[in-house]
Structure formats: C-alpha cells, structure tokens
S.K.: 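Pasting a structure here, questions to come.
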Amino acid sequence: MIKITLPDGSIREFPKGVTGYEIASSISEGLARNVLAAKVNGEVWDSTRPIENDATVQLLTWNDPEGKSTFWHSSAHLMAEAIEALYPNVQFGIGPPIENGFYYDIDLGEKQLSQDDFAAIEKKMLELTKEKSAFQRQPISKAEAIEYFTQKGDKYKLDLLKDLPDGSITFYHQGNFTDLCKGPHIPNTGFIKAAKLMNVAGAYWRGDEKSKQLTRVYAITFPKQKELTEYLERLEEAKKRDHRKLGKELELFAFSEKVGMGLPLWLPKGTLLRERLEQFMRKAQVKAGYSPVVTPHIGSKELYVTSGHYEKYGADSFQPIRTPNENEEFFLKPMNCPHHCEIYKTKPRSYRDLPLRLAEFGTVYRYEQSGELHGLTRVRGFTQDDAHIFCRPDQVKEEFTKVIDLVIYTFKTLGFEDYTAQISLRDPENKAKYIGSDELWEKAEQAIIEAAHEKNLTTVTELGEAAFYGPKLDFMVRDALGRKWQLGTIQVDYNLPERFQLEYNGSDNEKHRPVMIHRAPFGSLERFVAVLIEHCAGNFPLWLSPEQIAVLPISEKYHDYAQQVYDRLMQEDIRGYIDNRDEKIGRKIRDAEVKKVSYMLIVGEKEQENEIVSVRKHGEGDLGNMTVDLFVNHFKSIIAETFGQ
RNA sequence: GCCUCCAUAGCUCAGCUGGUAGAGCAACUGACUUGUAAUCAGUAGGUCGUUGGUUCGAUUCCGACUGGGGGCUCCA
C-alpha cells in the first residue's frame, strides 16, 4: 500500500500502482468522469498512469488551468490525427496548448489549407472522438524513436529528437496516430465534445526567420458544446470593443492610404481625448518635479552615431533626409533621449542640480515592418509621454521608485487594475546584443529588481527582453482580444551618459558620470488610447469623454433656451454639442446614446419655464430635473472623484 | 519582411457557377414641431482598391501591386 495525500490534507491508502482515475473513483463517480489529469508531487501526469510511491496528488479537471491545458494538448494530437487522416504524408512540427486552445505547426507539402477546409477537419475530429481512443503512453529509446520517424519521414520530429536525452523519451498513441510527446494527456478522445478551428497562419520552424515556414493551425476544443458556443459569443463581444472599430465609429482616429500605413490621423474627438490625457500627465509631472522641454522632430546623423542607435538601427530606420546643398544627413527622431542628453550638456551640472528630470511629449518615427502594424497599438509615428531623469548613482533607486509610483497612480486613475509588471533583463546567452559592461548591467538590473520588490509589484522576469542599452521594467496590459501590449516603461541606462560624456561636479569637486532613467507611464499616447478604448468599450470616464454632454431641445421652439444652457456649460469647460435637427426627441436620444455621449440634457417647455434641464445619463437613463447650476456641480463632483487630482 | 485570408456607395453588407450593380443606415430636399433608444416621402451617390492577363464579354476567373485582417519574425 502507498499513502496518497490529497489537497485537503487528508491521507488515504491505496494499493501500489493506483492511478489518478482510481483515486477519483474512490471519491465520487462524478469526479472520476471529469478527471482529465493528475498532479503527482507537483508534476502533471496522465490520470491513467500508475503511481508507485507515496505521493501528494491533486486531481485536475476542466476547472484547473492545468486540466485545460492537458485537454487542449490532447486535442492538438486529435487534430493532428484528423489532418493526417485527411491529408496523408504531412509532417508535424510542434502542437502545444496555448491560452485559448492550441495550435499545431504542420508542413502540408503542396497543400494549402484554408478556412474552407476547416469544417472537414472539425468533422473528422468529432468522428474520431466517437471512437474514444485512449491516449497511450510509451517510453521509448532514442534509437527506436529515430527509427520510427525516419521511416515516417518526419524531419521536424527528428530535429526535435536531436536535442532530447535518451531515456526520457516517450511516445503517445491514440487511434492511428503516434506522436513524440512527453505528455501528459487526457484518458481518451471521447472527452472532447466540441472542436473549432480558429485560423491558419504561417509560423517559422523553431521561430527562426531563416527556416521553413510551416502552416500553423489554431483551434480550440471543449468538453461541452455549450461551452464552445459561449466562447464564440464572448469573442464576438470582445470584437465589439476593438479599438479599431470603436475608433472609427466614435470618430476618434483614422488612417489614410495616401498619408501612409501606420500613420494615424487624430480626428477632433480623438484629439480632445488625447489632449486631456496629456494634460493629466503634465500636471502629475509638474508635481513630481519634472521640467518640460521641446525638441525638434529630426536630428543629425551624428547624434545617433554618438548614441549608438545608428549602428544598431540605422539600416532598419526610415532613411535619412538630406539637405539639398550641403548634403547633410538628418534622421526622423526614433526616440527623444539623445536630444535630451544634449540639453543636459548645455551647461555644467552640479551634484546639487540632480536629479534633473526632462519631460517631453515627443513624437517619434520608427520603421516598423509592414506586417506588424496594428491599429493604434503598433504604428510608425507616435507620441511618447517621455522623460529622462539624470541622477547620481546613489539616487537611482529612489528615482526609480518614484517613477513606479507615478505609473501606478496613472494606471489607477485610468482604471487599469489588470496589468503585470515585467522585469526585462538581458539574455545571458547572448550578451553581444547589448552595449555596456557586465558590471554596469548587473548594477542596473539589481536596482530594478530591488525597486520593484520594495513597491510590492507582482512581477514576471523575462530574460532577453531588455533594451540594448539597459534593463527595464515594463507594464503590460491586455487588449479586448487578450493580446498583451506594453504600456508604461521604466529603463535604467548607464550607457548613454557614457556615450554622450555626460558629467557633473561632485561634492568632492571631481567629475562624475550621471545615470539616466528613461520612462514613459503611458508609453505612447497612441497605444494607451487604444487600450483605454478597449478597456472601457468606448464609455470613457467623464473627464476624458470627448462628448461629455448633448443638449437636446424638444422642438425648434426651445432652441434659444438650449443655446443658453449650452453656452453656460461651455463657460464651465464642459464639452459637447446641441442637436438642433428637426427630429423627435426619441431620435436625438438614440443618436446620443449610440455616440456614447455621457450626459443628455433635454430641454422643452417645462425646462424653459423653470430654468432647469432634464438629465439623462448614458447607459442608465433618466435622472430627473435639476437646475443648470446643480448639474454643473454634479458634473464637477464626478470629475473630481474620478480624476483624482 | 514572411505565410494566409480579405477589398462592392460615407458606414454595414447582398450580388449562385462570368452578361458593366442592389439594400439598410448616413447625406441632401420637402412635409411634420415633436417629451426619454430610429417620423414620413422624395433625391442624389459606385470607371465594384489599382493594374495586367484569359474571354466575344470580368465586380465575378488568373497574376502583380496597394491597403486591411489573423499569425510568424521584429520592436530603441
């Protein structure tokens, strides 16, 4: 007998070789039916794999993230089986579970897979589930594994096998399909009740741009048909929040083929929104001791040779602009830091002057690969809420911490609760990608880790994600469709001060080198607005709303009074419009609701007589009558609450 | 940049297997003078993204280009 410790702490005895499934059966039949895998001493196993020694066991179902990923991993095998059955002689790359479903990278040879083929594959998958084929685990020697895939002619599996140590290799079989796989898997294919192929895409083998591009098939499966339906409905809902769709509908921004791809045009309403955000940040930065500066949109080639950006990005940038007579070269500025370094150098600095915090809403231009452009989140021209803090080495941590506070304050005011702080360090395997000495890097990385720790940020650490000049702390948020984007960023840089020979006089009357901190709480206004739109589904907080009010006269007779009300609100810096069309009030209200106008002020006979307005709030409905003064007070108190300054 | 899908009126879309286009909304005109999510009627609006080719004939089939979507690679 062996002792099995369950998650509730209870210890039960089972015969040696008991399986997760059998343990579940001993608890309840329902649980046994739903067990997808078992976590044995922290490792996820097949629920059918015998447990030979005392162990801590957690039974995993669809409700556990690891249960889901096991389910989807098995589904990837099922899809591969279906595809192999329909298109023989295909070769398989890898097929892992992902956040929502799974994919399989497949070399289909000449065959081009399209949406039209999806139905057939889905049908085949569901057909195969009816057979309830068990997923069978088979430990196998490396030689035999190589033999099998050589015979099958799957060069990708052979490529994978190259890196696997003999003795730890396992195959999994289900039905007529055999895959190199370390598992674990669900008991049998019968658990899968609904399958949907989502899309196909190209993906380079091993993520290497130089190797062959395989067809990546994305799909998702569920243990119940109903869950698939719900998932698809949620996706539809998310699409409604897409900033590209709302940006067009609410007339916030647009793109023009003639202007150029990735170059956003900010429409009047979008500009109003953006300017309010800028104003918010300006205020916060003044309070935090920043000095605004302005620098030009271009800079001479020499500036970027000095900064090192020319060497690193010169060939991949927008190519330089040349002056007609002297043939001097200027680059569109891809970042503001070199300009700010030159501002630092305009006069000798004392240790007493530091930290010097130079802030600029700097518009920068970067050549992004055409396939990478995406709405406002990835563009070729954008404005950073940039600043560079020049400080003494002993001030780095304090300054860094203050910036974290500013970022958190910003996110909180805008209602972003769901973000992750990512500590981006350099790739220890590939140090040649970065500039600067090991010693400086280690100091910088340490400063970030400590500051993040002191602020109790929940962080993830990513190796190889650092900027080429220094490590950074990035604040990541998700868009409506779950894609991750970097918003705020804070970066320590010991390198640029070196390259620009920045100095200050210390208390010892010696020359010292300052440290730079690059930071942008929004990151870029464009990306921030994109994520903000999706976050609030276009229903902006009142202080940001491009159309805060609409004055809606019941008929032409009340246009004068409506104008009076409107003028009064304008004086109070409240933005909106009057709807003077010859339409019924129901129509005016509907149009204002669709435009997501925060407040509708309806004026007719009784409002005019009593000098009041009838207030209707977007998405909520009629709030009743009040005087204009009372409305203004109500309005301002809401702004004070949400704006938080 | 690469793979793949897509491109019809200002917007959302219809137009089966080739015979030069239609709806709703928006716009404009007129009537209605309106009380909390769409008043009625009329008018106008498109070299069917661009460009080659196949064809007697192409919005429809094929190629290229441009732009967009999804992904890969990249992201100072």
Side-chain angles (χ1 to χ4, degrees), chain A residues 98 103 105 108 112-116 198-218 239 242 244-245 248-249 251 254-258 260-262 304 307-314 316-317 333-338 364-375 377-380 384 386 435 465-470 472 481 483 485-486 489 491 493 495-496 518 552-559 581-595 600-607 614-624:
Chain A
I98 51 176
Y103 66 78
D105 284 347
L108 289 151
Q112 286 191 343
L113 203 64
S114 77
Q115 308 256 338
D116 303 333
M198 301 306 291
N199 54 48
V200 283
Y204 301 105
W205 173 238
R206 302 217 155 187
D208 180 356
E209 216 171 337
K210 287 173 202 79
S211 34
K212 174 153 190 188
Q213 195 156 39
L214 307 179
T215 303
R216 177 169 295 179
V217 184
Y218 286 88
K239 277 187 194 154
D242 191 314
R244 291 164 299 185
K245 182 175 155 67
K248 189 187 262 185
E249 284 171 4
E251 298 177 9
F255 289 91
S256 148
E257 246 181 73
K258 240 177 201 146
M261 59 164 84
Y304 302 107
S307 71
H309 292 105
Y310 181 77
E311 192 193 348
K312 186 88 185 165
Y313 293 103
D316 301 322
S317 294
K333 74 174 169 188
M335 80 298 299
N336 305 296
C337 28
V364 297
Y365 299 88
R366 295 179 183 174
Y367 171 78
E368 304 285 2
Q369 297 185 88
S370 59
E372 219 13 86
L373 301 172
H374 182 93
T377 53
R378 190 81 183 265
V379 286
R380 284 179 168 174
Q384 299 174 308
D386 207 2
I435 57 177
E465 289 295 308
F468 76 94
Y469 52 72
K472 51 184 185 164
L481 296 171
R483 287 175 290 224
W485 297 98
Q486 174 204 309
T489 179
Q491 316 179 353
D493 183 356
N495 294 303
L496 271 191
H518 308 241
L552 311 179
I554 296 285
S555 81
E556 205 179 335
K557 286 186 269 181
Y558 314 108
H559 281 187
R581 293 174 305 165
D582 288 346
E583 292 290 349
K584 290 169 110 170
I585 194 65
R587 176 54 183 274
K588 294 182 183 182
I589 287 169
R590 185 190 139 78
D591 288 347
E593 288 282 356
V594 169
K595 283 198 265 188
M600 284 146 274
L601 304 178
I602 293 140
V603 296
E605 189 177 359
K606 64 175 188 269
E607 285 79 10
S614 178
V615 180
R616 181 188 164 103
K617 190 172 180 186
H618 169 64
E620 288 183 24
D622 199 351
L623 299 187

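Chain identifiers are assigned alphabetically (A, B, ...) following the order of the sequence lines, protein sequences preceding nucleic acid strands; residue numbering begins at 1 within each chain. Computed from a predicted structure; not experimentally measured.
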S.K.: Have a look at A:I585 and say if it touches a base, only the backbone sugar-phosphate, or nothing, with a 4.0 Å heavy-atom cut-off.
M.R.: sugar-phosphate
S.K.: Base, sugar-phosphate alone, or nothing: which one does A:Y103 contact when heavy atoms must sit under 4.0 Å apart?
M.R.: nothing
S.K.: Provide, to the nearest angstrom, the distance between the CG atom belonging to A:D582 and the P atom belonging to B:A31.
M.R.: 10 Å
S.K.: Which value, in whole Å, describes the distance between the C1' atoms of nucleotides B:U50 and B:G67?
M.R.: 10 Å
S.K.: What is the separation between atom CD1 on A:I589 and atom C1' on B:U36, rounded to the nearest whole Å?
M.R.: 3 Å
S.K.: Would you say the side chain of A:P553 lies within less than 4.5 Å of the side chain of A:E607, judging by non-hydrogen atoms?
M.R.: no
S.K.: OP1 or OP2 of B:A76 less than 4.0 angstrom from a side-chain nitrogen or oxygen of A:Y469, does that happen here?
M.R.: no
S.K.: Given side chains that start at C-beta, do those of A:H374 and A:W485 come closer than 4.5 Å, heavy atoms only?
M.R.: yes
S.K.: I'd like the P distance from B:G57 over to B:U43, given in whole Å.
M.R.: 37 Å
S.K.: A:E556 CD to B:G35 C1': how many Å, rounded?
M.R.: 17 Å
S.K.: Any base atoms under 4.0 Å from A:K584, or only sugar-phosphate, or nothing? Heavy atoms, all strands.
M.R.: base
S.K.: Hey, is the side chain of A:R616 poking within less than 4.0 Å of OP1 or OP2 on B:G35, counting only N and O atoms?
M.R.: no
S.K.: Report the secondary structure of RNA chain B in dot-bracket form, marking unpaired bases with a dot and bases paired to a different strand with |, and treating Watson-Crick or G-U pairs with both distances under 3.5 Å as paired.
M.R.: (((((((..((((.....[..)))).(((((.......))))).....(((((..]....))))))))))))....
S.K.: Can you check the A:K595 NZ to B:A37 P distance for me, whole Å?
M.R.: 17 Å
S.K.: Could you point out which residue of A:N336, A:V364, A:T489 forms a side-chain contact (heavy atoms from CB on, under 4.5 Å) with A:D386?
M.R.: A:N336
S.K.: Which letters describe nucleotides 63-72 of chain B, given B = protein heavy atom under 4.0 Å from base, S = only from sugar-phosphate, - = neither?
M.R.: ---SSSSBBB
S.K.: Evaluate the side-chain proximity of A:H518 to A:L496: yes if any heavy-atom separation is below 4.5 Å, no if none is.
M.R.: yes
S.K.: Using a heavy-atom cut-off of under 4.0 Å over every strand shown, decide if A:E620 touches base, sugar-phosphate, or nothing.
M.R.: nothing
S.K.: Between B:G18 and B:C61, how many Å separate the two P atoms, rounded to a whole number?
M.R.: 8 Å
S.K.: Write down the distance separating the P atoms in B:U34 and B:G24, rounded off to the nearest Å.
M.R.: 29 Å
S.K.: Quickly work out the A:E209 CD to B:G1 P distance and round it to whole Å.
M.R.: 12 Å
S.K.: Between A:G621 and A:T215, which residue's closest nucleotide on RNA chain B lies nearer the 5′ terminus?
M.R.: A:T215
S.K.: I'd like the C1' distance from B:U55 over to B:G19, given in whole Å.
M.R.: 12 Å
S.K.: Identify each atom pair where a protein N or O and an N or O of nucleotides 6-11 of chain B are less than 3.5 Å apart, giving names and distance.
M.R.:
none

S.K.: Please measure how far the P atom in B:A41 lies from the corresponding atom in B:C32, and state the result in whole Å.
M.R.: 16 Å
S.K.: Quick one: do A:R483 and A:T377 satisfy side-chain contact (heavy atoms from CB on, under 4.5 Å)? Show the steps, please.
M.R.: CA-CA 11 Å; A:R483 287 175 290 224; A:T377 53; over 6 Å; no
S.K.: Provide the closest heavy-atom pair for A:G604 versus A:I554 in the form atom of the first, atom of the second, distance.
M.R.: CA-CG1, 3.5 Å
S.K.: When rounded to the nearest 0.5 angstrom, what distance separates OG in A:S614 from CD1 in A:I585?
M.R.: 8.5 Å
S.K.: Any base atoms under 4.0 Å from A:Q486, or only sugar-phosphate, or nothing? Heavy atoms, all strands.
M.R.: nothing
S.K.: Kindly indicate whether the side chain of A:M198, heavy atoms from C-beta on, has any atom under 4.5 Å from the side chain of A:Y103.
M.R.: no
S.K.: Rounded to whole angstroms, how far apart are CD1 on A:I602 and C1' on B:G35?
M.R.: 8 Å
S.K.: Look at all strands and tell whether A:E605 reaches a base, only sugar-phosphate, or nothing, counting heavy atoms closer than 4.0 Å.
M.R.: base
S.K.: Return the nearest nucleotide to the side chain of A:Q369; candidates are B:G35, B:A37, B:G1.
M.R.: B:G1
S.K.: With a 3.5 Å cut-off and just heavy-atom distances, do the side chain of A:E368 and the base of B:G1 make a donor-acceptor pair?
M.R.: no
S.K.: Can you tell me how far C1' in B:G22 sits from the matching atom in B:G46, rounded to whole Å?
M.R.: 11 Å
S.K.: From CZ of A:R581 over to P of B:U33, roughly how many Å is that when rounded to an integer?
M.R.: 18 Å
S.K.: Using a strict 4.0 Å threshold on nitrogen-to-oxygen distance, state whether A:E593 and A:R616 make a salt bridge.
M.R.: yes
S.K.: Using the P atom in both, what is the distance from B:G49 to B:C16, to the nearest Å?
M.R.: 15 Å
S.K.: Flag yes if more than 12 heavy atoms outside A:E311 fall under 6.0 Å of its CD atom; otherwise flag no.
M.R.: no
S.K.: Rounded off to whole Å, could you give me the CD-to-C1' distance for the A:E583 and B:A38 pair?
M.R.: 9 Å
S.K.: If you pin A:G586 and A:M335 to their nearest nucleotides in RNA chain B, which one's is more 5'?
M.R.: A:G586
S.K.: Among B:G35, B:U33, B:A37, which nucleotide has an atom closest to any side-chain atom of A:K557?
M.R.: B:U33
S.K.: Is A:H618 close to A:K595 at the side-chain level, that is, under 4.5 Å between some pair of heavy atoms?
M.R.: no
S.K.: Tell me, do A:K248 and A:F255 make a side-chain contact under 4.5 Å, heavy atoms counted?
M.R.: no
S.K.: Measuring only between side-chain heavy atoms, which start at C-beta, is A:R380 closer than 4.5 Å to A:Y365?
M.R.: no
S.K.: I'd like to know if A:R206 pairs up with A:D208 as an ion pair, taking the criterion as any Lys NZ or Arg NE/NH1/NH2 lying under 4.0 Å from an Asp or Glu carboxylate oxygen.
M.R.: no
